[in-house]
Amino acid sequence: WLFLICCTLLDYRWEEERYTDGSKWRFLEHKGPVMAAPYEPLPSNVRFSYDGKSMKLSLGAEEVATFFAKMLDHEYTTKEIFQKNFFNDWRKEMTSEERAKITDLKKCNFNEMAEYFKAQSEARKAMTKEDKLVTENERLLQEYGFCIMDNHKERIANFRIEPPGLFRGRGDHPKMGMLKRRIRPEDIIINCSKDSKHPKPPPGTKWKEVRHDNKVTWLVSWTENIQGSIKYIMLNPSSRIKGEKDWQKYETARNLKKCVERLRHQYREDWKSKEMKIRQRAVALYFIDKLALRAGNEKEEGESADTVGCCSLRVEHINLHAEKDGQEFVVEFDFLGKDSIRYYNKVPVEKRVFKNLQLFMENKQPEDDLFDRLNTSILNKHLQELMDGLTAKVFRTYNASITLQQQLKELTNPDENLPAKILSYNRANRAVAILCNHQRAAPKTFEKSMQNLQAKIDAKKDQLAEAKRDLKGAKADLKVRRDEKSKKALESKKKAVERVEEQLMKLEVQATDREENKQIALGTSKLNYLDPRISVAWCKKWGIPIEKIYNKTQREKFAWAIDMADEDFEF
DNA sequence: GGCGCCACTTAGAAGGTGGGCT
DNA sequence: AGCCCACCTTCTAAGTGGCGCC
C-alpha cells in the first residue's frame, strides 16, 4: 500500500501495470545528446612557439595543445606523469613533420594560446551578463533537456556530451594528462522505443546504433577512451524511475534495521569460527557496520589511483596498538578511499577483533591483503543469505540514516528558536558526514571569511553594549519623569536590545556552524545516505519550513518523501 | 571461483549565481 | 552600485554490485 500511495502521489497509476511485468518502461522518446560544439581552429594571430620559434600546428595537434594551454596554470600540469601522458598522446595526433620537430615538451610555449583562452572566458562572462548565453542555454535545455517516458515529461540529467580534454582523474592517477577524445555521433548508441521518433544525428553523420532495450534506464551511451568504460545519459533524480529506486534503497535499509541485532550477534559469534575465511568475513563486516567503510572491490593495478575499501585493505593500512592514549586494543586506520580521500581513524575494538587482526597479519608483508580469504563477492553472497537484498553498501545507508534520526532526537531542543534548531539539524547531518568520511578541501578563503565574520560579531557586541546603556538611561529617565513619552521610549529601547541580541546570536551560530564545517562535506550524505523522510518528519514535528533544509532541486528529488512522510515517521 | 562487462549510485571540485551588506 | 560570500548547479570520475561465461 505504501507503494500505491507513493505512485499515486507521484501521479503514476497502479493500473499502468509496468511494475509487474518486469520491464522498466513502455515508451521512451528523446532527442539524443547535445554534441560538443565543432572544433574551431585558433585565429592565425594566436601563436604557438617551439624552441623560441613561432609555428602553426595541424588541426589534430592544435586541438590537443589547446587543452594543455587552457590548463597551464593548474598545479597538476607540472606533474611528471601528467606531462608524460600528455606529450605521448599529443605526439599521436601530430603529422609526421610535427612529430619530427616537436620532441621536447619543455621547449613548447603555450603562453599566447593561454592568454587567448583567458580572454575568451572573460568574453563569455561578459556575455552571460547580457544574458545571451543564458538564453541559449535555456533553449538547449528546453529542446534537449527532457524526454517522454511512459507519458510523462521527465528531466534528463546530463544531456550535454562530455567535451574533449585532458584527463585528470583524482589522486595519483596513472593516466592523468591523457587525451580524452572528442565524442562523435559514430560513438553514440541511442536507446528509445521502437515506436518513438528516433533522435536525429547531426547532418552528415550516423549514430553507432539505435536500440530499443527497455530493461535498462539509459537513453544514450558511449565508450570512453581512457579506461574503456561505458558512459550514459540518464534521467534526473526527480524522475519517477530514479525516485522509485531511491525509495526502494531506503526500504532495504529499513529492513536491515529489523534484523541488524541478529546479524551483529551472528558476526560476533563468527569471530570465534574455526574457519579463517569466516573469521575474516566477520571482522570485515564488523568494520563495515561500525565504521561505515565501503565494500572495497578489487581494482586493476595501473588503471587508476591506488585506493582501497574494506575488503581490499592491506596490512600496511592498519596499525595495532594493544594500548594507546589510555584505551585498550586500538586499531589505527590510515588509507586512501574513494576519490583518494584519506581515511584516518583510531578505533578501540573488542579484544577478539584485535586478536583476529593479529592473526590475519601474521607472516605477511605490508603490501599483502589483510583479508586474503575474502572479497566483496564472497561477502555479499553471505549477506544475501542473511537478508533479502542485503549488500555491503546497505550498512552505510542504514547507519547514516539511523544516526541522523538519533542525533536529531538528541540535539533538538524544543525551546530553542528556528536558527538554533537548524544548527542542530546541521550538527546531526555533520555527525553522519563524519561517520561516512565525507570530506572537502577547506575553502581557499576560509581564514579570511572567518576573520570577517569575527569582526562582525565584535561590532555587534559593541552595538549590544550600547543598546543596553541606552536601555539603562531610558529606565532612569522613566523613574524621574514618569510620563507616557518616556514609557514609550523605554519600550522601544527594550525592543532594540532584543533585536540586537538576536542578531548577535544569529552571527554566533553562523560562526560555529562554519568552523565545524570547515573540512566536512554535508551534501553527499544529505543526497545519498539520509532517508529524506526523517528530515521531512523532523520539519513537520518542529514546524520548520522544508525550504530551510532542502533547496528546490533537493525538494524535487525528494518529492516522494515530502508527500509520504508525516511527523510520526520512524526510519 | 574468477573474469569481463554492464548499469547504476556516489563523490568532490569547479564554476555560476543571486542575495545581502557596505 | 559594487563586492563578497554562501549556496546551488554542473560535471564527470570513481565507486558498488549483478550477470553471464568459462
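The chains referred to below are lettered A, B, ... by the order of the sequence lines, with proteins before strands, and numbering in each begins at 1.
The side chain of A:Glu162 lies closest to C:dA13 when the candidates are B:dA13, C:dA13, B:dC8. Side chain of A:Lys393, nearest nucleotide from C:dG17, C:dT10, C:dT12: C:dG17. Of the candidate nucleotides B:dC8, B:dA11, C:dA13, C:dA13 has the atom lying nearest to any side-chain atom of A:Phe167. The A:Asp339 side chain lies nearest to B:dG12 when the options are B:dG12, B:dT9, B:dC8. When the nucleotides B:dG12, C:dG17, B:dC8 are ranked by their closest atom to the side chain of A:Thr524, B:dG12 comes out on top. Taking the side chain of A:Lys242 as heavy atoms from C-beta on, and the options C:dG18, B:dC8, C:dC8, the nearest nucleotide is B:dC8.
When heavy atoms are screened at a 4.0 angstrom cut-off, A:Ala157 is found touching no nucleic acid atom at all. Note on A:Thr217: only backbone sugar-phosphate atoms sit closer than 4.0 angstrom, heavy atoms only; bases stay farther off. Among the protein residues, A:Gln227 comes within range of the sugar-phosphate backbone only, with heavy atoms under 4.0 Å from sugar or phosphate atoms but none that close to a base. Within the nucleic acid shown, A:Pro163 comes within 4.0 Å of sugar-phosphate atoms alone, with no base atom in reach, counting heavy atoms only.
Toward the 5' end of DNA chain C, the nearer of the two residues A:Lys552 and A:Arg170, judged by each one's closest nucleotide, is A:Lys552.
For the pair A:Asn551 CG and C:dT10 C1', the interatomic distance rounds to 13 Å; values are reported in whole Å. Rounded to whole Å, atom P of B:dA13 lies 14 Å from atom CD1 of A:Ile520. For A:Leu527 and C:dT9, the CG to P distance is 10 Å, given to the nearest whole Å. Atom CD1 in A:Ile241 sits about 8 Å away from atom P in B:dC8, given to the nearest Å. Between the CG atom of A:Asn158 and the C1' atom of C:dT9 there is a distance of 13 Å, rounded to whole Å. A:Gln248 places its CD atom 10 Å from the P atom of B:dT9, with the value rounded to the nearest Å. Rounded to whole Å, atom C1' of C:dA14 lies 13 Å from atom CZ of A:Arg168. Distance A:Ile161 CD1 to C:dC11 C1': 13 Å, rounded to the nearest Å.
A salt bridge links A:Glu556 with A:Lys552: the closest approach of a Lys/Arg side-chain nitrogen to an acidic carboxylate oxygen falls below 4.0 angstrom.
DNA chain C lies under 4.0 Å from at least one heavy atom of each of the following residues of residues 172-188 of chain A: A:His173, A:Lys180. Contacts of residues 291-311 of chain A with DNA chain C (heavy atom under 4.0 Å): A:Arg294, A:Ala295, A:Gly296, A:Asn297, A:Lys299, A:Thr307.
For A:Ser229, no side-chain nitrogen or oxygen approaches OP1 or OP2 of C:dA13 to under 4.0 Å. For A:Thr553 and C:dT9, the shortest distance from a side-chain N or O to OP1 or OP2 is below 4.0 Å. Put simply, A:Tyr232 has no side-chain N or O that comes within less than 4.0 Å of OP1 or OP2 on C:dT12. Residue A:Asn437 places no side-chain N or O under 4.0 Å from the OP1 or OP2 atom of B:dA11. A sub-4.0 Å separation between OP1 or OP2 of B:dT10 and a side-chain N or O of A:Lys249 is present.
Residue-to-nucleotide contacts include a donor-acceptor pair under 3.5 Å from the side chain of A:Lys338 to the base of B:dT10.
A:Phe167 and A:His173 have perpendicular rings, their planes meeting at more than 60° on a 0 to 90° scale where under 30° would count as parallel.
In the model, A:Tyr529 has a side-chain atom that pairs as donor or acceptor with a side-chain atom of A:Arg396 under 3.5 Å.
Remark: A:Arg533 fails to qualify as a cation-pi partner of A:Phe571 under the 6.0 Å distance and 45° angle criteria applied to the six-membered ring.
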